[in-house]
Amino acid sequence: MLHRILRVDHAGEYGANRIYAGQMAVLGRSSTGPLIQEMWDQEKEHLAKFNEILAESRVRPTALLPFWNIAGFVLGASSALLGKEGAMACTVAVEESISEHYNSQIRALMEKDPDRYTELLLVIKEFRDDEIEHHDTGLEHDAESVPGYWLLKNAIQLGCKAAIYASQRV
């Protein structure tokens with residue numbers, strides 16, 4: 001269970017970094033650039049922490065990282081091509097999926113052995129709170145005003161669920 005959790009969390013933070021990289025490639029010089037950069041900087045810290053935890057725990061990352069590298073960047077850039085609202089809609093969709101996933105992991109670790117996983121629980125809770133903050137930031141910056149918001153959000157969340165499933169196993 002621990003290996004699957006660490007593998008998927010690392011993959012998720014890696015993918016989030018690539019999404020923000022794609023968004024910055026398109027919107028980095030716009031007025032939205034600093035906001036995206038701020039969220040990306042937090043994701044960089046998350047990824048660095050999971051890189052550290054993977055090494056300490058001797059857990060291999062998912063073999064799908066090369067795919068998530070491309071898919072994340074393409075998702076970020078393509079959503080940003082829809083403008084600030086598209087980028088924010090992508091952020092809302094992804095961060096909502098990740099925070100829900102973190103919540104399910106917190107429940108599983110609490111049921112399994114909360115004393116054994118105290119440090120990991122603190123990390124996941126902190127990162128979950130950051131993801132919720134990013135989600136709320138996206139809503140505050142007009143995510144829901146992009147044409148086809150519901151469709152875009154649900155398509156991205158379906159992709160997130162597939163990525164979570166695959167990254168836990170491969």
Do [X] and [Y] have side-chain heavy atoms sitting under 4.5 Å apart?
| X | Y | result |
| --- | --- | --- |
| I132 | E95 | no |
| T32 | M88 | yes |
| R107 | N103 | yes |
| Y102 | D9 | yes |

Between [X] and [Y], what is the shortest heavy-atom contact and its length?
| X | Y | value |
| --- | --- | --- |
| I164 | V8 | O-CG2, 3.6 Å |
| G12 | I98 | O-CD1, 4.5 Å |
| G33 | M24 | O-SD, 3.5 Å |
| H3 | R58 | CE1-O, 4.2 Å |
| A143 | Y149 | O-CD1, 3.2 Å |
| L65 | H10 | CD1-CE1, 3.7 Å |

How far does [atom1] of [X] sit from [atom2] of [Y], to the nearest 0.5 angstrom?
| X | Y | atom1 | atom2 | value |
| --- | --- | --- | --- | --- |
| Q157 | E100 | CD | CD | 6.5 Å |
| S78 | I156 | OG | CD1 | 7.5 Å |
| L109 | I5 | CG | CD1 | 4.0 Å |
| C160 | N154 | SG | CG | 11.0 Å |
| M39 | K44 | CE | NZ | 13.0 Å |
| L158 | S97 | CG | OG | 9.5 Å |

Should [X] and [Y] be counted in the same cluster of Ile, Leu, Val, Met, Phe, Trp and Tyr side chains packed under 4.5 Å apart?
| X | Y | value |
| --- | --- | --- |
| M1 | L6 | yes |
| F73 | Y20 | no |
| V26 | V146 | no |
| L121 | V59 | yes |
| V170 | Y14 | yes |

Do you see a donor-acceptor pair shorter than 3.5 Å between the side chains of [X] and [Y]?
| X | Y | value |
| --- | --- | --- |
| W68 | T62 | no |
| H101 | Q105 | yes |
| N17 | E13 | no |

- Message: Considering only residues two or more places apart or on different chains, which pairs with a residue in residues 142-157 satisfy salt bridge (Lys or Arg N to Asp or Glu O under 4.0 Å)?
- Response: K84-D142, E96-K153
- Decide yes or no on side-chain contact (heavy atoms from CB on, under 4.5 Å) for K125 and R128, but give the supporting numbers first. CA-CA 5 Å; K125 287 176 183 177; R128 183 232 17 229; 4.1 Å; yes
- With a cut-off of 6.0 Å (strictly less than), are more than 12 heavy atoms of other residues, nucleotides or ligands near CD of E119? no
- Item | CZ (R116) with more than 12 external heavy atoms under 6.0 Å | no
- Message: When you measure from the side chain of R7 to the backbone of R60, do you find a donor-acceptor pair of N or O atoms at a distance under 3.5 Å?
- Response: yes
- For the pair E52 and K49, find out whether any cationic side-chain nitrogen is under 4.0 Å from an anionic carboxylate oxygen.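 A salt bridge is present here (some side-chain N lies under 4.0 Å from a carboxylate O).
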- Query: In terms of ring plane angle, is the pair F127 and F50 parallel, tilted or perpendicular, where the classes change at 30° and 60°?
  - Reply: perpendicular
- Any chance you could lay out the side-chain contact (heavy atoms from CB on, under 4.5 Å) test for Q23 and S79, step after step, and finish with the verdict? CA-CA 7 Å; Q23 289 180 349; S79 67; 3.6 Å; yes
